[in-house]
Amino acid sequence: MKTLLIANRGEIARRIIRTARAAGWMTVAVHTDVDREALHVRDAHQAYRVESYLDIDEMVRAAQAFVASHVHPGYGFLSERAEFVRALDAAGLVLVGPSAEVMEAMGRKDRAREVALAAGVPVVPSYSLEDDPRSFDYPVLVKAAAGGGGKGMRVVRSAAEFEEAIGAARREAAKAFGDDTMLVEKYVERGRHIEVQVIGDHHGSVCHLFERDCSTQRRHQKVLEEAPAPTLTDEQRAEITRAGVDLAREVGYTNAGTVEFLLDAETGRFYFLEMNTRLQVEHPVTEEVVRVNGRGIDLVALQLRVATGQPLGFDQADVTLEGHAIEARVYAEDPYAGFLPQAGRASIVRWPSDVRVDHALESGQEVSTSYDPMLGKVVAVGADRDAARRRLVDALDRTAILGLTTNTGFLRSLAADRPFADAVIDTAWLDRSRLPDGIGEEDPLAIAAWTDVAVQQMTSGDPHPFQPDGWRVAGPAAPFVVELDDRVLAVDPATGEVEGVRGALRSTSVQIEPLAPPADHVVDVKVTSRTGGHRYLAVVNADADRVELVVRGQRFVFERPDVFADHGPAAGDGSIAAPMPGTVLDVRVEAGQEVTEGEVLGTMEAMKMELALTAPFAGTVASVDAKAGEQVALGARLFLVEQSLVEQSEELS
């Protein structure tokens, strides 16, 4: 039996293990102390503890300890590090991926440009760092020459912003890739991100497996991905896939890789961006729609086939498309607060069972800021794009993660919104447009209040409140009074009517009709108000302090007011708190220093994302509670700025 070590974690490690085990390989997982109970560790035959997923020597020792012949790097971490490939070669081990030389050539965006030019593939116009920034045709994009995933990237719109932007991008790139070399390119305002999946063997064959569209992005990181690309003409598809194969042939590429292009929506011209010398996060959408001789494909199985010296076994003419697939990346982040990463314990996790879900998250699991915030991927397939889109919306309706904030509701609203349905979203759309905010707070508040009463009734004895026990809405005619977030509601459990008694619902009342008895934390109801009737499948968790629920992917938390709490005036707006748990990178001010509005006081980092902390107004730094290198919790006060009396009087006047 061949043995494969997976030098990665999370959902990609689980996905590789699944295919390898099915193909008869012995699988070895690696894990840090944080991940010792993780799902990918349980899925593998064997496991090996490492201090870091970035430690090359430890990965080699792990492979040698279990006599593994091959190592799969997944994506991220060491997946595009040429020195890792060389270390494996020296130890007599085989990477499931390209050679170190190819990885080195294509892993750096500057060298990859040269290969593209040699292959006759068009590239984006660029500038030299030696040039005067005042001479650039703005906007421009500064980006790390090494690495990818949106790290070390900044859009710059004027020469005045250039130095600050390139400094932040350098720091981010150095931290993420150990290399702060930067490129400056013309930024295409309305472009579509098209990538071509290629695969080559050691016998001279290189084929494309068609393309994906990954235009729906925030901060240069993908949110929704799909295959095939919905806006390409047949002629454009032929040109762009041929360009991907030409570039792969030029560099002598073997195994699976992705050639990324930017399609200018205004001119229809496309430009080479970079090549990812590894499996992509979004590879499932390709697997769901590409057929080889009429049969589905498994990219990991093809990778293992190539890595063991076998030929691909098919030609380009054998590759066809069937249907449409869309993938949604579920992240631990708050899309309505600048997409800031979130952390916490996932108390209840529900993934839909009738679509493909690649994930590594279960109920009770702790989500930390130590690694990338992606929790899983929900993939829907349909006969055409709209069928796939509608199925994805339905699947996200039934995806629920309680205990921490995720982007699930945002994804659901985005997939249901007209711009995505009409395929008009470009790479910068989310950065310049109003974000879809999905469901308002009125219906969730009514559901929370109604559920609270239901739980009160059901907890008068055994069994567990949400155990399926045939319970139906019934009870005394007198309404229950429920107080949530200082809002008082009257709930009549007999009729399902919820009325706002004080500062609650915008409408006079809301009627709730249970469509099924609550069971296992699931509430299936029809909510009718002045705006009409809507069916909701909510996942609810209630305790003595709050009622928490997820409705259409959106998480709502309603606190029970503390009658003994101090309700004095809140702290002033000059308090700058940590918007996410993470590490303070630097502190640029000291107590007593005068600052201007928007001046950077310091920076912090979490999940490989850097955030500037700025002064909310001009004034004096009253206190500095942050220290460089210090780990801080969400909400911890880092700076306090006091507004000058002059500024205050001007505001009042």
| field | Stepwise side-chain contact (heavy atoms from CB on, under 4.5 Å) check, Phe210 with Leu232 | value | CA-CA 12 Å; Phe210 287 98; Leu232 289 186; over 6 Å; no
| message | Contact between Pro122 and Arg269 at the side-chain level, heavy atoms closer than 4.5 Å - yes or no? | response | no
| Side chain of Glu80, backbone of Thr277: donor and acceptor closer than 3.5 Å? | yes
| query | Any side-chain donor-acceptor pair under 3.5 Å between Thr233 and Glu235? | reply | no
| request: State which residues pass side-chain contact (heavy atoms from CB on, under 4.5 Å) with Ala20; sequence neighbours excluded, sorted by chain then number. | output: Leu4, Trp25, Thr27, Leu304
| task | State, to 0.1 Å, how close Val551 and Ala538 come at their nearest heavy-atom pair, and which atoms those are. | result | CG2-CB, 4.0 Å
| field | Separation of Arg350 CZ from Ser363 OG (nearest 0.5 Å) | value | 6.5 Å
| message | So, taking the atom named CE in Met153 and the one named CD in Glu172, what distance separates them when rounded to the nearest 0.5 Å? | response | 10.0 Å
| query | Does CG belonging to Asp384 count more than 12 external heavy atoms closer than 6.0 Å? | reply | yes
| message | The criterion is side-chain hydrogen bond (donor to acceptor under 3.5 Å, both in side chains); which residues satisfy it with Asp179, sequence neighbours excluded? | response | Arg108, Thr181
| query | Using the ring of each side chain (for Trp, its six-membered ring), is Tyr371 parallel, tilted or perpendicular to Tyr53, with breaks at 30° and 60°? | reply | perpendicular
| Would you say Ser205's side chain and Asp201's backbone share a donor-acceptor pair under 3.5 angstrom? | no
| task | Supply the atom-to-atom distance Trp351 CH2 to Leu361 CG, rounded to the nearest 0.5 angstrom. | result | 6.0 Å
| Minimal non-hydrogen separation, Pro139 against Glu189, with atom names | CG-OE2, 3.3 Å
| Non-hydrogen side-chain atoms of Glu226 and Val285 separated by less than 4.5 Å | no
Check residues 98-106 and write down every donor-acceptor pair under 3.5 Å in which the side-chain atom is one partner and the other belongs to a residue at least two apart or another chain.
from, atom 1, to, atom 2, distance (Å)
Ser99, OG, Val102, N, 3.2
Glu104, OE1, Arg86, NH2, 3.0
Glu104, OE2, Arg86, NH1, 3.1

| Met182 to Ala169 - nearest heavy-atom pair and separation | CE-CB, 3.3 Å
| task | Drop me the distance from Arg552's CZ to Ser413's OG, to the nearest 0.5 angstrom. | result | 9.0 Å
| query | Side chains of Val94 and Leu88: does their closest heavy-atom pair fall under 4.5 Å? | reply | no
| query | Any luck finding a side-chain donor-acceptor pair between Thr427 and Gln217 under 3.5 Å? | reply | no
| For Leu404 and Arg555, which heavy atoms make the closest approach, and how far apart are they? | O-CD, 3.2 Å
| field | Any donor-acceptor pair under 3.5 Å from Glu288 side chain to Gly323 backbone | value | no
| said: Quick one: does any side-chain atom of Tyr127 pair with a main-chain N or O of Asp137 as donor and acceptor, under 3.5 Å? | reply: yes
| request: Please check if any side-chain donor atom of Arg278 sits under 3.5 Å from a side-chain acceptor atom of Asn276, or the reverse. | output: yes
| message | Contact between Thr408 and Val550 at the side-chain level, heavy atoms closer than 4.5 Å - yes or no? | response | no
| note | Value for NE2 (His202) from CD (Gln310), rounded to nearest 0.5 Å, stands at 11.0 Å
| said: Are there over 12 heavy-atom neighbours, none belonging to Arg295, within less than 6.0 Å of that residue's CZ? | reply: no
| field | Given Arg212, Gln280, Gln197, Glu225, the one that forms side chain to side chain donor-acceptor pair (under 3.5 Å) with Thr286 | value | Arg212
| request: For Val123, check side-chain contact (heavy atoms from CB on, under 4.5 Å) against everything at least two apart and list the hits. | output: Arg113, Ala116, Leu117, Phe272
| message | Is the positively charged end of Arg218 above the ring of Tyr331, judged by distance under 6.0 angstrom from the centroid and angle within 45° of the axis? | response | yes
| message | Would the distance check show the side chain of Ser79 and the main-chain N or O of Gly76 forming a donor-acceptor pair, the cut-off being under 3.5 Å? | response | yes
| Counting only N and O atoms by type, is there a donor-acceptor contact under 3.5 Å from the side chain of Trp429 to the main-chain atoms of Phe420? | no
| message | Any salt bridge linking Arg390 with Asp394? Criterion: basic side-chain nitrogen under 4.0 Å from a carboxylate oxygen. | response | no
| task | Verify, without hydrogens or angle tests, whether Lys186 (side chain) and Val124 (backbone) share a donor-acceptor contact under 3.5 angstrom. | result | no
| query | Given side chains that start at C-beta, do those of Lys222 and Val281 come closer than 4.5 Å, heavy atoms only? | reply | no
Side-chain atoms of residues 7-17: list all donor-acceptor pairs with protein atoms under 3.5 Å, sequence neighbours left out, distances to 0.1 Å.
from, atom 1, to, atom 2, distance (Å)
Asn8, ND2, Pro73, O, 2.7
Asn8, ND2, Tyr75, O, 2.8
Arg9, NE, Asp35, OD2, 2.6
Arg9, NH2, Asp35, OD1, 3.1
Arg9, NH2, Asp35, OD2, 3.4
Glu11, OE1, Tyr75, OH, 3.4
Glu11, OE1, Lys377, NZ, 3.4
Glu11, OE2, Tyr75, OH, 2.0
Arg14, NE, Asp43, OD2, 2.6
Arg14, NH1, His359, O, 2.9
Arg14, NH2, Asp43, OD2, 3.3
Arg15, NE, His283, NE2, 2.9
Arg15, NH1, Thr19, OG1, 2.6
Arg15, NH2, Glu287, OE1, 3.4
Arg15, NH2, Glu287, OE2, 2.7
Arg15, NH2, Asp298, OD1, 2.9

| said: With a 3.5 Å distance limit and no angle check, can you tell me whether Ser433 reaches the backbone of Leu430 through a side-chain donor-acceptor pair? | reply: no
| request: Could you give me the CA-CA distance, side-chain angles and deciding distance for Arg329 and Glu282, then say whether salt bridge (Lys or Arg N to Asp or Glu O under 4.0 Å) is met? | output: CA-CA 9 Å; Arg329 297 189 185 191; Glu282 57 272 21; 2.9 Å; yes
| note | Tightest non-hydrogen contact, residues Val245 and Cys207, listed as CG2-C, 4.2 Å
| query | Is Arg42 atom CZ crowded by more than 12 heavy atoms from other residues, nucleotides or ligands, each under 6.0 Å away? | reply | yes
| Minimum-distance pair of heavy atoms, taken over all atoms of Val349 and Ala346 | CG2-CB, 3.7 Å
| remark: The complete set of ring-ring contact (aromatic ring centres under 6.0 Å, His included) pairs with one or both residues in residues 221-264, sequence neighbours excluded, reads Phe261-Phe270
| message | Any side-chain to backbone donor/acceptor pair from Gln316 onto His208? Under 3.5 Å, distance only. | response | yes
| Does the side chain of Met275 come within less than 4.5 Å of Val259's, by heavy atoms? | yes
| Point-to-point distance, once rounded to the nearest 0.5 Å, from CG of Leu5 to CE of Met26 | 13.0 Å
| Residue pair Thr320, Arg291: steps toward the side chain to side chain donor-acceptor pair (under 3.5 Å) verdict | CA-CA 5 Å; Thr320 56; Arg291 302 289 181 266; over 6 Å; no
| query | Do the non-hydrogen side-chain atoms of Val381 and Val355 ever get within less than 4.5 Å of each other? | reply | no
| field | Heavy-atom donor-acceptor pair, Arg385 side chain to Asp422 backbone, under 3.5 Å | value | no
| Between Val378 and Val330, is any pair of side-chain heavy atoms under 4.5 Å apart? | yes
